[in-house]
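Some notes on the structure that comes next.
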Amino acid sequence: MKPNQLLTFIMLAMSSLAQAQESCTNALAAVEGINDGATITGNEIPLPNHCMALQGAELFSWYSFTATYDTIMTVSTHLASNAGLDTRISVFSGTCGNLLCEGFGDDTGGNFLSDAIFQAIAGTTYYIVFDTYWGGAINTSPVEFEVYQGEPDNSGGGGGGGGGGGGGSDYPTIVTFDAQTLTGDGFSECIVDMNNDHLDDVVFVSGNNITIRYQQNDASFTSATFNAGNVTNSPSWSIAAGDLDNNGYNDLLYGGGSGASIIMANDDGTGYSHYSDNEYIFSQRTNMIDINNDGILDAYVCHDVDANVYYLSDGNGGFTYHQGGLGENAGNYGSVWVDYDNDCDMDLFIAKCGSDNIDQLHRNDGNGNFTSIAPAAGINDGTESWSSAWADYDNDGDMDAVIGASSTWNGSHKFYLNNGDGTFTNITEGSGIGEIPTTGIENFPGDFNNDGYVDMIGLGSVIMINNGDMTFTPSASPFYAGPAGDLNHDGYLDFFENGTIYYNTMEGNNWLIVSTVGTESNKNGIGARITVNSAMGSQIRDVRSAQAFSPMQTLNAHFGLAQDTEIESIRVCWPSGIEDVIYNPSINTHLTIVEGSTSNVAEVSTTEWLIYPNPAADRIQFKGERSLNGLNYRLTDSTGRLVAQDRFVAQELNIANLPVGLYTLSVEIEGVWQHQTFSK
C-alpha cells in the first residue's frame, strides 16, 4: 500500500472509530478487561433519561457490552492512564431510545475517577456511556476503562439496581424465594398501596405514564395505565409515595437528575396530574414526611450539590419551596426519617457521599425545629454511603443503625448501637456487618424470616440474618435490594425487581401486619411509632415513606412473631400525640388501625382518681372520688410493653421493682379503660 493510501486508510479508520462511539445505535463493543477510549465527541443524550444530572452542553461516548452470565459487573476508570481526568460513568439496559439506568459512578474511591457496579443478567446488552458533565477540554480526552465480570451467580436469579456489589454464591441460602414474572413498562422501584385497600401494589413509571399492577385478594394482579401529563422529571434516582393531600390515595414523588416532580392522585384514584417547578435539584433520596406537623405530608428531596430542599404541602395540591435547614452542605444521598430518641416525632439521618461525606443526624424538637447533632451523638461517620438501615435490631426499644459503604477508600460498613440516651456506640467489630467485602447503595431493614428480629438487606445485595444477639449471618440473595412488600398477603416480605416478583417462601412463624390511617395526623400515619408486645418481648416500627436509596417500600408495618401465639398489646403513638392501644389482637392478620379509634381508652376525669406522688419511688397511691379496689388494671412502660396486669386490692400499687422510667396505668371502669401516666 502506498504511503498516501495508508494515511487515508488510517484517517478513515479513526473517523469510523469516533463515529462508532457517538450514539447508542453505533456504540462500540467493549471487551472484558481494559478498553482503549476515543475522544468524547457524540451529542446523543441517553433517552428517556440520563442516570445523572446534565447541564445541557455535554458530549457523550457510547460503548456496549453483553454479559455472559448472571454476575456483579464493574466498569471502572481507576487506571493510571486516566490521571487528571474527572470521569462519570452511566450504564443502561434496554433499547436505544428506551433505556433504563442500571448503574452509575462519579468520584468514587477518593479521587475524580469512577466505578459503576451493578447486577448483570446473562445475555443482556448494557450500554456504557461517558460524558463531559464536569467540563473543560481535558474531559473530552479519551477515557480508558476496565470491564470486569465477577464469578457467575448461581444463587438463583439475576436482578438490577443502581450500583453495588453482590452476595452471589459465596454465602449459604437461608431465606428462600420463588421467582415469578410480573411484566410492566418502565421504572419499577415502587411497592405501595395505590387504591386504598391497604394491599401492596406494584408501580411502573415510563415517561408520562404510570402503570399500576393492583394486588387482589387472591394475590393475583389487575392492571391500569394512567397519563400524568407532561412530566418534567423522571424517577431516575429515587421514588417516594404518600398521600400529600389527605384524599385517601397515594401520590408519588420523583427524584430526577435536574429536579423533582410530584404526581398527584385525584380524589378517587382514577387519574393523576403533574406538579413541578423550575428549581434545579440534583435529586438523590426522596421522602414524604410531615415536616411542620400540620397533619399534611410534605415532600423532601436530598440535593447532591447544594443544601437539601423540601416542599410544604397546603393539602390542596399546592406546594411551597424551601431550601436549607435539613442538610446544608452538598453530598446528601440517603435520607431516612426515624424516631431515634423515642419522643414520638421523626428525626432525620442523612448518609453522605461525594464532596462532603460526613453523615448527619438532625434532631426534631417536636415543633418542626431541627438541630444537627451527629458529632455529639457519635454517629458522624465519614465512610462514603448512599443509604442506611435503621431498626431496633436488639428489641430493646430504640432504633439502631447499619450504615452501608458505597466505597471502601475511607472505611467500610458500620453498625451503631443506640445507647438509649441520645448517643450511639460503634459495635461493628464481631457483628458480621464489617466482614462483608462487597459494597452497595441500597440498604433496607425487615424481618425476612418472621423470627421476631429485624434483618437487613444491602452491603452489596446480601441478606443479613439477625441472630438475636446483635450479630448477623449472611444469606445469598437472588436479587439486588429492590422494593419490598407483601405481594401475596401471606405475612412474609417479598421483593420486586426487573419484572420479577421474588416471593418469600419461608414459613412456620407467626406474624402481624399493621396499616395506619391518620385522622388528626397525616392520612398514611407516616411518622407513627408502633409497638407490639408479645411473649418474646417488644418490637417497634416507624411508619416511613421511602427507605434504602432509590426504591419505595411498603407503608405497612410488618412484624414477625416467631412461635408466639398471642399478642398482648399494640400501641400506636401518632404524630399528633394521640395514642391508641389495642389489647389481645389476633395473630397472622392484617390489622388497620385508625387514629383515635380505641374508644375503650379514655382520658380520665381529674376528679375521679389521681396518682400521687408523681414522680414516685417505691409505691403510688390514689385519691379522688373513685375507689379502685377490685378494679382491673394494666401497667405499660414507655415503649408500650405490658409490665403488669391484675386486680387492685388496695388504694395503692407497689412499684419498687420497676426500673426508672415513664409508665402508663390503665384502669377499667364500667367497661372503659381510663389511663394516667406517672414517672419513677
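These numbers come from a predicted model, not from an experiment.
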Between H489 and N217, is any side-chain donor less than 3.5 angstrom from a side-chain acceptor?
-> no

Test item: side-chain donor near acceptor, N308 and N332, under 3.5 Å = yes

Does H413 use its side chain to pair, donor to acceptor, with the backbone of G432 at less than 3.5 Å?
-> no

Heavy atoms from other residues, nucleotides or ligands near NZ of K523 exceed 12 (cutoff 6.0 Å) | no

For the residue pair F549 and E189, establish whether any side-chain heavy-atom pair is separated by less than 4.5 Å.
-> no

Quick one: closest heavy-atom pair of H558 and N450, and the distance?
-> CE1-OD1, 2.8 Å

If every non-hydrogen atom of D339 is compared with every non-hydrogen atom of M399, which pair is closest and at what distance?
-> O-CG, 4.0 Å

Does the side chain of T500 reach to within under 4.5 Å of the side chain of L182, using non-hydrogen atoms?
-> no

Sub-4.5 Å side-chain heavy-atom contact between D243 and N522 | no

Measure the SG-OH distance between C190 and Y254 for me, rounded to the nearest 0.5 Å.
-> 8.5 Å

Taking all non-hydrogen atoms of both residues into account, name the closest pair between D486 and L493 and its distance.
-> N-CD2, 4.4 Å

Within 6.0 Å of CD in E668, more than 12 heavy atoms from elsewhere = yes

Go through R571 and N533 one step at a time and tell me if the side chain to side chain donor-acceptor pair (under 3.5 Å) criterion holds.
-> CA-CA 9 Å; R571 180 182 294 270; N533 300 293; over 6 Å; no

Which one of D200, V202, V203 satisfies the side chain to side chain contact (heavy atoms under 4.5 Å, CB included) criterion with F496?
-> V202

Student check: side-chain heavy atoms of L459 and V402 closer than 4.5 Å | yes

Would you call W337 and I526 a side-chain contact if the rule is heavy atoms closer than 4.5 Å?
-> no

Scan side-chain atoms only and decide if S313 and D245 contain a donor-acceptor pair under the 3.5 Å cut-off.
-> no

Determine, step by step, whether I436 and M464 satisfy the side chain to side chain contact (heavy atoms under 4.5 Å, CB included) criterion, reporting the C-alpha distance in whole Å, the side-chain angles of both residues, the deciding distance to 0.1 Å, and the verdict.
-> CA-CA 10 Å; I436 304 301; M464 300 298 289; 3.9 Å; yes

Tested for side chain to side chain donor-acceptor pair (under 3.5 Å) against S534, the lone hit among N510, D564, T565 is D564

Can T286 and S238 be said to form a side chain to side chain donor-acceptor pair (under 3.5 Å), step by step?
-> CA-CA 6 Å; T286 48; S238 66; 2.9 Å; yes

M194 side, atom CE; Y249 side, atom OH - distance, nearest 0.5 Å | 11.0 Å

Report yes or no: do S545 and N287 form a side-chain donor-acceptor pair below 3.5 Å?
-> no

Between N509 and N449, does any side-chain donor sit less than 3.5 Å from a side-chain acceptor?
-> no

With under 30° as parallel and over 60° as perpendicular, where do the rings of F448 and F495 fit, or are they tilted in between?
-> tilted

For Y393, does its backbone N or O pair with a side-chain atom of N466 as donor and acceptor, under 3.5 Å?
-> yes

Give the C-alpha distance, both sets of side-chain angles, the deciding distance and a yes or no for side chain to side chain contact (heavy atoms under 4.5 Å, CB included) between N419 and L417.
-> CA-CA 6 Å; N419 298 319; L417 171 70; 4.1 Å; yes

Verify whether one side chain among E442 and S387 offers a donor that lies under 3.5 Å from an acceptor in the other.
-> no

Using atom types as modelled and distance alone, determine if a side-chain donor or acceptor of N246 lies under 3.5 Å from a backbone N or O of G295.
-> yes

Candidates T371, D341, D347, N369 - the one meeting side chain to side chain donor-acceptor pair (under 3.5 Å) with R363 = D341

More than 12 heavy atoms of other groups within 6.0 Å of E566 CD = no

Please lay out, stage by stage, how V175 and M506 fare under the test side chain to side chain contact (heavy atoms under 4.5 Å, CB included).
-> CA-CA 7 Å; V175 181; M506 304 297 288; 3.9 Å; yes

For side chain to side chain contact (heavy atoms under 4.5 Å, CB included), just list the numbers for T516 and W574, CA-CA rounded to whole Å, side-chain angles, deciding distance to a tenth of an Å, and then say yes or no.
-> CA-CA 9 Å; T516 49; W574 300 85; 3.7 Å; yes

Minimum side-chain heavy-atom gap I373-Y340 below 4.5 Å = yes

Does the side chain of E507 reach to within under 4.5 Å of the side chain of D490, using non-hydrogen atoms?
-> no

Student check: side-chain heavy atoms of T383 and S385 closer than 4.5 Å = no

Note: W386 and S406 closest approach over all heavy atoms is CD1-OG, 3.2 Å

Between T505 and D178: side-chain donor-acceptor atoms closer than 3.5 Å = no

What pair of heavy atoms forms the shortest contact from R213 to D201, and how long is it?
-> O-CB, 3.4 Å

Which atom pair, heavy atoms only, marks the closest approach of P483 to I191?
-> O-CD1, 3.4 Å

Which class fits the ring pair F479 and Y502: parallel under 30°, tilted 30 to 60°, perpendicular over 60°?
-> tilted

Is there a donor-acceptor contact under 3.5 Å linking the side chains of S515 and H590?
-> yes

